[in-house]
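Start at 1 with the first residue, then count along the sequence. Counting convention: from 1, in listed order, for ligands and their atoms alike.
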Amino acid sequence: MHQEIHPDLEKVLLTEELIQEKVKELGAAITRRYQGTGRPLQVIVILKGAAIFAADLLRRIEIPTRVDFMAISSYGTRASSSGVVRILKDLDHPIEGFDVLVVEDIIDSGRTLNYLLNTLKQRKPASIATCVLLDKPERREVDVDPEFVGFEIPDEFVVGYGLDYAERYRNLPYIGVLKRSLYQEG
Ligand code: IMP
Ligand code: MG
(Lines give C-alpha, C1' and ligand atoms only; values in the text may rest on other atoms or scores of the structure.)
(Ligands and ions follow the chains in the order given, each with its own letter.)
Protein backbone atom coordinates (compact mmCIF):
# COMPACT_ATOMS: atom_id res chain seq x y z
CA MET A 1 0.00 0.00 0.00
CA HIS A 2 1.27 3.47 -0.83
CA GLN A 3 2.22 5.42 2.26
CA GLU A 4 2.44 9.20 2.13
CA ILE A 5 5.71 10.15 3.85
CA HIS A 6 5.40 12.81 6.54
CA PRO A 7 6.82 16.11 5.21
CA ASP A 8 9.11 16.55 8.25
CA LEU A 9 10.96 13.35 7.42
CA GLU A 10 14.09 12.89 5.35
CA LYS A 11 13.20 9.28 4.59
CA VAL A 12 11.46 6.19 5.90
CA LEU A 13 13.97 3.92 7.62
CA LEU A 14 11.70 1.04 8.67
CA THR A 15 8.31 0.42 7.10
CA GLU A 16 5.26 -0.68 9.04
CA GLU A 17 5.50 -4.14 7.44
CA LEU A 18 9.17 -4.56 8.38
CA ILE A 19 8.49 -3.50 11.98
CA GLN A 20 5.53 -5.87 12.36
CA GLU A 21 7.57 -8.76 10.95
CA LYS A 22 10.35 -8.08 13.48
CA VAL A 23 7.94 -7.71 16.39
CA LYS A 24 6.56 -11.14 15.56
CA GLU A 25 10.10 -12.63 15.60
CA LEU A 26 10.92 -10.94 18.91
CA GLY A 27 7.70 -12.22 20.46
CA ALA A 28 8.54 -15.75 19.34
CA ALA A 29 12.11 -15.51 20.70
CA ILE A 30 10.87 -14.20 24.05
CA THR A 31 8.23 -16.94 24.22
CA ARG A 32 10.90 -19.62 23.60
CA ARG A 33 13.27 -18.12 26.15
CA TYR A 34 10.76 -17.97 29.02
CA GLN A 35 8.60 -21.00 28.30
CA GLY A 36 8.16 -23.38 31.23
CA THR A 37 9.60 -21.19 33.98
CA GLY A 38 6.52 -21.88 36.08
CA ARG A 39 5.89 -18.22 36.79
CA PRO A 40 4.62 -15.33 34.69
CA LEU A 41 7.07 -13.09 32.85
CA GLN A 42 7.08 -9.61 34.35
CA VAL A 43 7.18 -7.16 31.44
CA ILE A 44 8.17 -3.59 32.28
CA VAL A 45 7.30 -1.02 29.64
CA ILE A 46 9.29 2.21 29.68
CA LEU A 47 7.00 5.13 28.93
CA LYS A 48 6.41 6.87 26.76
CA GLY A 49 8.61 5.81 23.86
CA ALA A 50 8.12 2.05 24.18
CA ALA A 51 4.32 2.14 24.58
CA ILE A 52 3.45 1.40 20.96
CA PHE A 53 6.17 -1.22 20.48
CA ALA A 54 5.15 -2.94 23.72
CA ALA A 55 1.48 -2.98 22.78
CA ASP A 56 2.32 -4.90 19.61
CA LEU A 57 5.03 -7.06 21.21
CA LEU A 58 2.84 -8.21 24.10
CA ARG A 59 0.33 -9.65 21.65
CA ARG A 60 3.11 -11.79 20.17
CA ILE A 61 4.24 -13.26 23.49
CA GLU A 62 2.49 -16.56 24.04
CA ILE A 63 3.23 -17.27 27.70
CA PRO A 64 1.63 -15.81 30.86
CA THR A 65 2.78 -12.26 31.53
CA ARG A 66 2.29 -9.44 33.98
CA VAL A 67 2.63 -5.90 32.66
CA ASP A 68 3.74 -2.83 34.55
CA PHE A 69 4.83 0.62 33.45
CA MET A 70 7.57 2.99 34.43
CA ALA A 71 7.86 6.58 33.23
CA ILE A 72 11.28 8.15 33.29
CA SER A 73 12.89 11.30 32.08
CA SER A 74 16.59 11.58 31.42
CA TYR A 75 18.32 14.85 32.02
CA GLY A 76 20.55 16.19 29.30
CA THR A 77 20.19 17.04 25.66
CA ARG A 78 19.69 15.00 22.54
CA ALA A 79 23.46 15.14 21.91
CA SER A 80 24.40 13.71 25.29
CA SER A 81 22.04 12.07 27.72
CA SER A 82 23.54 12.48 31.19
CA GLY A 83 22.44 9.08 32.39
CA VAL A 84 20.82 10.65 35.43
CA VAL A 85 17.30 9.38 35.23
CA ARG A 86 14.35 10.70 37.14
CA ILE A 87 11.49 8.29 37.84
CA LEU A 88 8.23 10.09 37.01
CA LYS A 89 6.05 7.05 37.59
CA ASP A 90 7.32 3.98 39.40
CA LEU A 91 6.07 0.40 39.08
CA ASP A 92 2.77 -0.46 40.77
CA HIS A 93 4.04 -3.79 42.11
CA PRO A 94 7.27 -5.32 43.47
CA ILE A 95 9.33 -7.40 41.02
CA GLU A 96 11.15 -9.53 43.58
CA GLY A 97 11.37 -13.16 42.44
CA PHE A 98 10.07 -12.51 38.92
CA ASP A 99 11.81 -12.86 35.58
CA VAL A 100 11.80 -9.27 34.37
CA LEU A 101 11.84 -8.12 30.76
CA VAL A 102 12.39 -4.40 30.27
CA VAL A 103 10.92 -3.11 27.01
CA GLU A 104 12.56 0.04 25.65
CA ASP A 105 12.29 1.94 22.40
CA ILE A 106 15.92 2.74 21.64
CA ILE A 107 19.44 2.53 23.05
CA ASP A 108 21.69 5.40 22.15
CA SER A 109 24.54 6.10 24.61
CA GLY A 110 23.16 3.35 26.82
CA ARG A 111 23.13 5.60 29.88
CA THR A 112 19.37 5.56 30.43
CA LEU A 113 19.08 1.78 30.25
CA ASN A 114 22.20 1.26 32.35
CA TYR A 115 20.81 3.41 35.13
CA LEU A 116 17.43 1.75 34.92
CA LEU A 117 18.81 -1.79 35.05
CA ASN A 118 20.94 -0.96 38.07
CA THR A 119 17.92 0.48 39.85
CA LEU A 120 15.72 -2.52 39.05
CA LYS A 121 18.41 -5.08 40.02
CA GLN A 122 18.32 -3.70 43.56
CA ARG A 123 14.72 -4.95 43.80
CA LYS A 124 15.87 -8.58 43.58
CA PRO A 125 14.20 -9.93 40.42
CA ALA A 126 14.91 -13.63 39.67
CA SER A 127 16.41 -12.46 36.36
CA ILE A 128 16.46 -9.32 34.26
CA ALA A 129 16.74 -8.89 30.50
CA THR A 130 16.04 -6.17 27.96
CA CYS A 131 14.13 -6.06 24.70
CA VAL A 132 14.85 -2.97 22.65
CA LEU A 133 13.36 -2.16 19.26
CA LEU A 134 16.23 0.01 18.02
CA ASP A 135 19.93 0.01 18.83
CA LYS A 136 22.47 2.64 17.73
CA PRO A 137 25.71 0.76 18.56
CA GLU A 138 27.92 3.55 17.15
CA ARG A 139 26.75 5.89 19.89
CA ARG A 140 27.37 3.60 22.86
CA GLU A 141 29.19 5.15 25.82
CA VAL A 142 28.46 2.63 28.55
CA ASP A 143 28.51 -1.12 28.33
CA VAL A 144 24.93 -2.36 28.00
CA ASP A 145 24.07 -5.38 25.92
CA PRO A 146 20.35 -6.00 25.34
CA GLU A 147 19.27 -9.66 25.01
CA PHE A 148 16.60 -8.95 22.37
CA VAL A 149 17.22 -6.34 19.66
CA GLY A 150 14.89 -5.42 16.81
CA PHE A 151 17.09 -3.40 14.48
CA GLU A 152 20.57 -1.94 14.62
CA ILE A 153 20.37 1.48 13.02
CA PRO A 154 22.93 4.12 12.01
CA ASP A 155 23.53 7.30 14.00
CA GLU A 156 20.53 9.28 12.80
CA PHE A 157 17.69 10.84 14.76
CA VAL A 158 14.58 8.79 14.18
CA VAL A 159 10.91 9.28 15.02
CA GLY A 160 7.67 7.34 14.73
CA TYR A 161 6.20 4.13 16.16
CA GLY A 162 6.37 5.62 19.67
CA LEU A 163 9.56 7.66 19.25
CA ASP A 164 9.20 11.40 19.43
CA TYR A 165 10.89 14.66 18.83
CA ALA A 166 9.50 17.25 21.28
CA GLU A 167 6.49 14.94 21.86
CA ARG A 168 5.60 14.79 18.15
CA TYR A 169 5.48 11.96 15.61
CA ARG A 170 4.82 9.12 18.08
CA ASN A 171 1.71 8.15 16.11
CA LEU A 172 3.46 7.43 12.79
CA PRO A 173 3.07 3.71 12.02
CA TYR A 174 6.61 3.56 10.55
CA ILE A 175 10.04 4.86 11.64
CA GLY A 176 11.72 7.65 9.73
CA VAL A 177 14.71 9.97 9.87
CA LEU A 178 13.77 13.48 10.94
CA LYS A 179 14.99 16.31 8.71
CA ARG A 180 18.07 17.83 10.30
CA SER A 181 16.81 21.38 9.84
CA LEU A 182 14.03 20.60 12.32
CA TYR A 183 16.25 19.79 15.28
CA GLN A 184 19.63 21.40 14.65
CA GLU A 185 20.15 24.86 15.96
CA GLY A 186 22.05 27.47 14.01
P1 IMP B 1 20.57 6.95 25.93
O2 IMP B 1 20.50 7.15 27.41
O3 IMP B 1 21.60 7.85 25.31
O4 IMP B 1 20.77 5.52 25.53
O5 IMP B 1 19.22 7.50 25.34
C6 IMP B 1 18.10 6.74 25.24
C7 IMP B 1 16.88 7.65 25.14
O8 IMP B 1 17.14 8.78 24.28
C9 IMP B 1 15.75 6.89 24.50
O10 IMP B 1 14.94 6.25 25.46
C11 IMP B 1 15.02 7.97 23.74
O12 IMP B 1 14.06 8.59 24.57
C13 IMP B 1 16.07 9.00 23.40
N14 IMP B 1 16.56 8.84 22.01
C15 IMP B 1 17.81 8.48 21.62
N16 IMP B 1 17.93 8.47 20.29
C17 IMP B 1 16.71 8.81 19.80
C18 IMP B 1 16.20 8.96 18.46
O19 IMP B 1 16.87 8.77 17.42
N20 IMP B 1 14.90 9.34 18.37
C21 IMP B 1 14.11 9.57 19.46
N22 IMP B 1 14.55 9.42 20.72
C23 IMP B 1 15.84 9.07 20.89
MG1 MG C 1 12.75 6.62 25.84
TODO: Please test Glu25 against Lys22 for salt bridge (charged side-chain N to carboxylate O under 4.0 Å, His left out), starting from the C-alpha separation and ending with a verdict.
DONE: CA-CA 5 Å; Glu25 283 173 27; Lys22 185 63 77 176; 3.7 Å; yes

Open item on the list: Ring centroids only, cut at 6.0 angstrom: are Tyr161 and Tyr174 within range, meaning strictly under it?
Closed with: no

Open item on the list: Yes or no: does Glu104 have any heavy atom under 4.0 Å from an atom of ligand 1?
Closed with: yes

TODO: Go through Asp108 and Arg140 one step at a time and tell me if the salt bridge (charged side-chain N to carboxylate O under 4.0 Å, His left out) criterion holds.
DONE: CA-CA 6 Å; Asp108 193 42; Arg140 197 71 91 255; over 6 Å; no

Open item on the list: Can you confirm whether the side chains of Asp99 and Tyr34 place a donor and an acceptor under 3.5 Å from each other?
Closed with: no

Task: Parallel, tilted or perpendicular: ring planes of Tyr169 versus His6, cut at 30 and 60 degrees - done: perpendicular

TODO: Could you see which bit of Asp105 sits under 4.0 Å from ligand 1, with heavy atoms only: side chain, backbone, both or neither?
DONE: side chain

TODO: Measure from the side-chain N and O atoms of Asp135 to the backbone N and O of Val149, and report whether any donor-acceptor pair falls under 3.5 Å.
DONE: no

Open item on the list: When you compare the side chains of Gln20 and Asp56, does any donor N or O come within less than 3.5 Å of an acceptor on the partner?
Closed with: yes

Task: Residue Ser109 vicinity, atoms of ligand 1 by number, heavy atom under 4.0 Å - done: 1 (P), 2 (O), 3 (O), 4 (O)

Task: Residue portion contacting ligand 1 (non-hydrogen atoms closer than 4.0 Å) for Arg139 - done: neither

Open item on the list: Please check whether Gly110 reaches ligand 1 - meaning an N/O of the residue sits under 3.5 Å from an N/O of the ligand, judged on distance alone.
Closed with: yes

Open item on the list: As an exercise, identify every atom of ligand 1 less than 4.0 angstrom from a heavy atom of Asp164.
Closed with: 21 (C)

Open item on the list: I need the minimum non-hydrogen distance between Val103 and Ala50, along with the two atoms involved.
Closed with: O-CB, 3.4 Å

TODO: Taking only heavy atoms of Glu156 into account, list the atoms of ligand 1 that are under 4.0 Å away from them.
DONE: 19 (O)

- [ ] Search all heavy atoms of Glu10 against all heavy atoms of Arg180 and return the closest pair with its distance.
- [x] OE1-N, 4.1 Å

Task: Subset of ligand 1 atoms that lie under 4.0 Å from at least one heavy atom of Thr112 - done: 1 (P), 2 (O), 5 (O), 6 (C)

TODO: Check Leu163 against ligand 1 and report side chain, backbone, both or neither, counting heavy atoms closer than 4.0 Å.
DONE: side chain

TODO: Report yes if some N/O of Val158 lies less than 3.5 Å from some N/O of ligand 1; otherwise report no.
DONE: yes

TODO: Report yes or no: does a heavy atom of Ile153 sit under 4.0 Å from some atom of ligand 1?
DONE: no

- [ ] Nearest heavy atom to atom 13 (C) of ligand 1 wins, so pick from Asp108, Leu178, Ile106.
- [x] Ile106

Open item on the list: Regarding atom 19 (O) of ligand 1: of the candidates Glu141, Arg170, Arg140, Lys136, which has the closest heavy atom?
Closed with: Lys136

Open item on the list: Quick check on contacts: which atoms of ligand 1 are under 4.0 angstrom from a heavy atom of Arg111?
Closed with: 2 (O), 4 (O)

